[in-house]
Every structure is written in C-alpha cells, then in structure tokens.
**Q** 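Below you'll find the structure I mean.
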Amino acid sequence: MENSLTKMIDENSDRLSNLPDALLIHILSLLDAKKVVQTCLLSKRWHNLWASVPSLHFNYEYLSNESERFSNFLTSFLHLRDKAINLHTFKLCYYGSRTCASSMHCSALSNTEAFSIDEIWILYAFKHEVKNLVLKLWENCFKVAPNCLFTCDSLEYMQFNCFSEVKADIVCLPKLRKLSLRNVSMNGDSIHKILSGCPVLETLSVQFVTIRTNSISFQTVKSLRMENCFFYSLSEPTISISCPCLNYLKFVQCTGAITFTDMSRVTDAIITWGKNCKKGYNFDLLEDILGVEYLELIIVYAKEFLDRELKNGTTFNGLKCLLLDLCWNNCNFSILSSFLKRCPKLEKFCLLHTTYSCEVCCCEEKTLGNKWQVCCCGEETLENTWLQIEGFSCQELNIVKVVSCQVDQRQCAHQLEKLVLQRKKEI
C-alpha cells in the first residue's frame with residue numbers, strides 16, 4: 001500500500017510541467033507579468049517559457065507601488081523577451097509618477113523625457129503587431145495622449161483613460177473594431193480624425209468624457225455606450241449626433257443639449273436621465289428609436305418624461321420588452337397607463353422602484369398632493385383612486401414584474417397588478 005502511494009505521488013508530482021508548451025504559455029498569458037517571470041524558478045522546464053508569452057499584463061500594484069521598480073521591470077521585461085513572438089495583448093496599469101524613469105538611470109526627468117519612455121513601451125507593442133491594447137493610467141498621469149497611439153496596422157481593440165486632452169494629428173487604425181475611452185477631453189477635430197481613421201470601428205464606449213464640437217457622425221458604429229459625458233456645443237444650439245448603423249445604445253447621465261439623428265436601426269437601448277441631468281435635456285432621444293425592441297428607462301423626472309412622450313404621440317410599434325425604473329411617488333399612473341397603450345406589441349413589462357430613481361423626487365417634492373402619494377400613505381381612497389385609472393391593453397403581454405425597494409410600497413404594487421389585469425387576464 002505504501003509503495004503504491006509513493007508511486008502515485010511520483011507520477012503526479014509535476015503533471016503541470018508535462019503539458020505541451022502551447023498550453024503552458026496560454027496559462028501564463030492569464031497572469032500578471034511579475035508572476036509570469038517568477039515561474040522561471042520552478043524548474044528547467046519553465047526557465048524560458050515566460051519569454052514567449054504573447055499576452056502581457058503589467059500592473060503597478062504588484063511591484064510594491066514603486067514607480068522606479070515598475071519602470072525598470074517593464075523595460076527589462078520587454079528587452080529580454082523573445083522578440084520573434086508577436087503580441088496578442090498589451091495591458092498596462094500604471095499609477096506612478098511620470099517624472100520617474102529608472103530605465104534611464106535617472107531619479108527624475110523632465111515631463112518630455114518621461115513621456116518618451118512611455119512611448120517606447122507602446123511602440124514596442126505596435127512593432128510586435130499587438131491586437132489588444134489597454135492603458136489604465138493614474139488620474140492626471142499624462143496631459144496629452146501620445147500620437148503614437150493612433151497609428152497601428154494590427155490593433156483591433158484599444159482602451160485608455162486619464163489623458164486630459166486627446167489631440168490626434170494622424171489616425172491610421174485600419175483594423176480597430178472596439179474603442180473605449182474614459183476620463184479624457186476631446187474636440188471636434190480629434191473626434192473626426194479618429195472616426196475617419198477607424199474605417200471598421202463597430203463598438204465605441206465613452207465614459208466621463210468631455211466633448212466640444214457641433215456635430216458627430218458615427219458612420220460605422222453598431223454599439224455605442226455613453227456614460228456621464230459632458231457635451232459642449234461650440235456655436236450651434238445643440239450637438240447633432242448621427243448613428244446610421246447603430247443597433248445598441250446605452251446613454252447614461254450625459255449632460256448637454258444633444259440631438260440624435262439616423263437612429264432607425266436601434267433595437268436595444270438603455271437610457272438614464274438622472275439627478276445630474278436638467279429637465280428636458282435629451283428627451284427627444286426616444287423619437288429617434290421608435291423601432292426599438294428592448295428598452296430600459298431609468299428616470300428621475302418621470303412625470304415630465306411621460307407627459308412629453310404622450311404629447312409627442314410617440315408609439316413604439318416594435319417594442320417587446322420594457323423596463324421602467326422610476327419614482328412611484330412622483331408618477332401619475334394614469335399617464336403611465338396611457339403610455340403603455342402606445343406599446344401594442346409589448347410582451348414583457350418590468351416596473352422598478354429603486355432608491356436611485358426616487359431620491360431626487362423625494363427631495364424636490366415634499367407635498368402629498370399627488371394621488372399616487374396619497375395611495376402610498378394608505379388612505380381610504382386607495383381603491384377608488386385606482387378604479388378611476390383605465391387599464392392598458394397589450395394583447396401580447398404575458399409577463400409583468402413589479403419590484404420595490406421599500407416595504408411600504410407593496411400595497412401599491414398590488415394595486416398596479418389590478419390595473420394591469422383590468423385588460424389582460426392571462427398574465
């Protein structure tokens with residue numbers, strides 16, 4: 001028994017090292033660069049594998065948060081790796097001071113010199129035909145995005161953040177399909193050059209981005225995500241945004257007067273008008289996505305929104321799934337019922353009442369003059385109030401979900417259920 005156990009341990013002691021090189025290199029590609037290098041100490045079998053890893057992840061936090069060590073390690077790694085191996089992914093998470101570049105054996109350099117060191121890292125990735133580039137930088141780490149970012153024949157996905165300004169002189173990214181920008185500032189000229197220089201761009205994500213321009217045309221973009229962006233028109237009353245090929249839109253908490261055009265192909269949309277958005281801003285957006293099939297609306301100013309859409313005569317003939325997250329304390333459910341009548345093919349309806357959608361309304365409207373607010377307080381007129389509201393008829397409707405974050409809203413949820421069932425018994 002003991003001999004058998006010893007034999008089993010011997011046979012299975014290093015099964016990982018017996019795997020083929022290709023599989024081991026794939027496993028190493030999932031690790032941070034520091035841990036990848038440390039595997040060379042395991043055995044002779046692992047000694048040179050790290051140099052052939054095609055996906056590199058450099059994280060400042062894994063090197064004791066020391067800028068000098070980080071810069072030195074990254075430069076040495078690139079210098080010693082197998083230069084015949086092209087790169088699939090180059091990811092750099094750097095939170096150190098840009099005045100430090102130990103690869104030049106200096107404790108402090110000027111901004112221009114330190115900036116050029118970072119360009120060397122990027123240019124190395126581009127020279128080795130990298131497909132995915134991710135730069136997660138410390139806030140205010142760099143003032144201007146380097147021009148070398150925008151010229152690469154192999155790049156298919158790029159993500160970067162925390163450049164106070166993006167000035168693209170020459171853009172040539174013929175294979176770029178996905179672009180993600182965060183915490184940057186751009187003007188109309190740079191936006192135009194980037195979009196023109198990315199002829200196959202399909203997915204674009206912009207978060208906390210400041211944009212100064214009169215118009216933007218996303219000719220090839222099929223998926224657009226805009227969150228917490230600030231739009232400033234240079235001379236026109238509004239910024240015109242055209243998206244003729246767009247299928248998916250996520251528009252969250254963006255500030256500024258915007259007019260959307262050419263949005264007829266949008267089938268899925270998530271839209272949030274929150275507390276930081278002025279009443280009336282971007283409300284015309286829904287008029288351009290009447291063909292949408294899946295729609296999520298998270299609204300603080302629910303009454304204004306529903307009133308406006310009813311006055312505009314908006315009808316969603318293709319809408320099949322609708323999720324509404326709004327403040328019940330500030331919503332006239334007679335108007336809501338009228339709005340749902342404009343969705344004749346609706347199959348699934350979800351009504352949410354979350355703290356997010358309610359907190360602004362509760363602060364702005366202290367009175368209980370609204371009938372719905374009276375209902376929430378459990379007044380005797382509860383049943384009579386709801387009986388005065390006409391139900392809505394959606395022949396295809398088969399699922400209704402009501403979610404509230406507050407216990408005292410449950411009675412209102414039951415009344416909403418009655419409202420739905422007035423016209424639709426098969427739900």
Side-chain angles (χ1 to χ4, degrees), residues 12-109 113-138 141-142 146 148-149 152 154-162 180:
N12 299 330
S13 59
D14 195 11
R15 296 177 63 186
L16 185 62
S17 295
N18 293 329
L19 295 175
D21 284 359
L23 185 53
L24 291 177
I25 289 174
H26 174 72
I27 294 173
L28 292 178
S29 295
L30 305 176
L31 303 178
D32 178 78
K34 179 184 177 182
K35 295 178 180 176
V36 169
V37 173
Q38 290 174 339
T39 61
C40 71
L41 302 176
L42 295 176
S43 67
K44 291 182 179 180
R45 173 77 170 80
W46 293 80
H47 189 67
N48 293 317
L49 285 178
W50 70 271
S52 301
V53 174
S55 296
L56 307 180
H57 308 276
F58 297 98
N59 195 322
Y60 174 71
E61 294 180 350
Y62 288 122
L63 289 168
S64 303
N65 291 342
E66 295 181 13
S67 300
E68 186 173 351
R69 288 186 62 193
F70 180 81
S71 299
N72 188 48
F73 171 77
L74 197 157
T75 304
S76 298
F77 190 105
L78 297 181
H79 178 71
L80 295 174
R81 77 179 293 271
D82 188 347
K83 296 176 177 58
I85 305 296
N86 284 333
L87 288 175
H88 180 270
T89 300
F90 184 88
K91 183 177 181 180
L92 172 62
C93 299
Y94 182 59
Y95 310 104
S97 171
R98 61 174 299 195
T99 60
C100 181
S102 63
S103 58
M104 299 296 294
H105 303 288
C106 298
S107 58
L109 297 176
E113 292 173 319
F115 190 78
S116 65
I117 297 299
D118 299 315
E119 280 192 353
I120 289 176
W121 301 337
I122 298 169
L123 290 173
Y124 177 94
F126 287 176
K127 182 179 179 181
H128 290 80
E129 300 182 2
V130 66
K131 293 184 178 181
N132 303 292
L133 177 68
V134 178
L135 301 178
K136 293 186 176 181
L137 308 174
W138 184 33
C141 191
F142 299 99
C148 67
L149 277 176
C152 180
S154 61
L155 203 60
E156 298 178 6
Y157 170 78
M158 179 163 64
Q159 173 188 345
F160 64 82
N161 69 314
C162 291
S180 178

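Please read all numbers here as calculations on a predicted model, not as lab measurements. Residue indices begin at 1 and follow the sequence shown.
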**Q** Can you check whether Y157 reaches L133 side chain to side chain, under 4.5 Å on heavy atoms?
**A**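 Side chain of Y157 against side chain of L133, heavy atoms only: no contact under 4.5 Å found.
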
**Q** Mind checking whether W50 and L80 have side chains closer than 4.5 Å, heavy atoms only?
**A**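 Counting from C-beta outward, W50 and L80 do come under 4.5 Å.
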
**Q** Apply side-chain hydrogen bond (donor to acceptor under 3.5 Å, both in side chains) to D21 and list each qualifying residue two or more places apart in sequence or on a separate chain.
**A**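 Counting only residues at least two positions away or on another chain, D21 forms a side-chain hydrogen bond (donor to acceptor under 3.5 Å, both in side chains) with R45.
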
**Q** Between H26, K91, H88, K131, which is the residue that forms a side chain to side chain contact (heavy atoms under 4.5 Å, CB included) with S55?
**A**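 Only match with S55 under side chain to side chain contact (heavy atoms under 4.5 Å, CB included): H88.
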
**Q** Report the C-alpha separation of W46 and L24 in whole Å, then their side-chain angles, then the decisive distance to 0.1 Å, and conclude whether the side chain to side chain contact (heavy atoms under 4.5 Å, CB included) test is met.
**A** CA-CA 9 Å; W46 293 80; L24 291 177; 3.6 Å; yes

**Q** With sequence neighbours left out, write down each residue that passes side-chain hydrogen bond (donor to acceptor under 3.5 Å, both in side chains) with E156, or none if nothing qualifies.
**A**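 For E156 there are no side-chain hydrogen bond (donor to acceptor under 3.5 Å, both in side chains) partners, ignoring immediate neighbours.
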
**Q** S52: what forms a side-chain contact (heavy atoms from CB on, under 4.5 Å) with it, not counting sequence neighbours?
**A**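 Here the qualifying residues are I25, D82, I85.
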
**Q** Once you round to the nearest 0.5 Å, how far does NZ of K127 lie from CD1 of I122?
**A**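 Separation between the atoms: 15.5 Å.
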
**Q** Please identify each residue that fulfils side-chain hydrogen bond (donor to acceptor under 3.5 Å, both in side chains) with T39, with sequence neighbours left out.
**A**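 side-chain hydrogen bond (donor to acceptor under 3.5 Å, both in side chains) list for T39, sorted by chain: empty.
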
**Q** Checking H57 now: which residues fulfil ring pair (Phe, Tyr, Trp, His ring centres under 6.0 Å) with it, not counting sequence neighbours?
**A**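 H57 satisfies ring pair (Phe, Tyr, Trp, His ring centres under 6.0 Å) with no residue once adjacent residues are dropped.
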
**Q** What's the verdict on side-chain hydrogen bond (donor to acceptor under 3.5 Å, both in side chains) for Y60 and R69, showing C-alpha distance, side-chain angles and the deciding distance?
**A** CA-CA 9 Å; Y60 174 71; R69 288 186 62 193; over 6 Å; no

**Q** Can you name the closest pair of heavy atoms from L56 and V53 and give their distance?
**A**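 So the two residues come closest at CD2-O, 3.6 Å.
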
**Q** Could you pull out the closest heavy-atom pair between N86 and P54, with the gap in Å?
**A**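 Shortest heavy-atom contact: O-CB, 3.7 Å.
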
**Q** For F58, give me all partners under ring pair (Phe, Tyr, Trp, His ring centres under 6.0 Å), at least two apart in sequence or on another chain.
**A**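 Ring pair (Phe, Tyr, Trp, His ring centres under 6.0 Å) check on F58 returns F77, F90.
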
**Q** Considering non-hydrogen atoms only, spot the tightest contact between F70 and C93 and give its length.
**A**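 That closest heavy-atom pairing would be CZ-O, 3.9 Å.
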
**Q** For the atom pair NZ (K35) and CG (L30), what is the distance rounded to the nearest 0.5 Å?
**A**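 Rounded to the nearest 0.5 Å, the NZ-CG separation comes out at 12.0 Å.
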
**Q** Please check if atom NZ in K83 has more than 12 non-hydrogen atoms from other residues, nucleotides or ligands closer than 6.0 Å.
**A**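 Yes - once you tally the heavy atoms of other residues, nucleotides and ligands closer than 6.0 Å, there are more than 12.
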
**Q** With rounding to the nearest 0.5 angstrom, report the NZ to CG distance, K136 to L92.
**A**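 One finds 11.0 Å between NZ of K136 and CG of L92.
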
**Q** Nearest 0.5 Å, what's the CG-CG distance between L123 and L149?
**A**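 CG of L149 is found 9.0 Å from CG of L123.
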
**Q** Quick one: CG on N132 to CG on L87, what's the gap to the nearest 0.5 Å?
**A**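 It is 10.5 Å, given to the nearest 0.5 Å.
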
**Q** Could you tell me which non-hydrogen atom of F126 sits nearest to which non-hydrogen atom of C148, and how far apart they are?
**A**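 Shortest heavy-atom separation between F126 and C148 comes out as CE1-O, 2.8 Å.
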
**Q** If you measure from CG on L49 to CD1 on I27, what distance do you get to the nearest 0.5 Å?
**A**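 Here the interatomic distance stands at 10.5 Å.
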
**Q** Show the nearest heavy-atom pair for residues Y124 and H128, with the distance to one decimal.
**A**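 Closest pair (atom of Y124, atom of H128, distance): O-ND1, 2.9 Å.
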
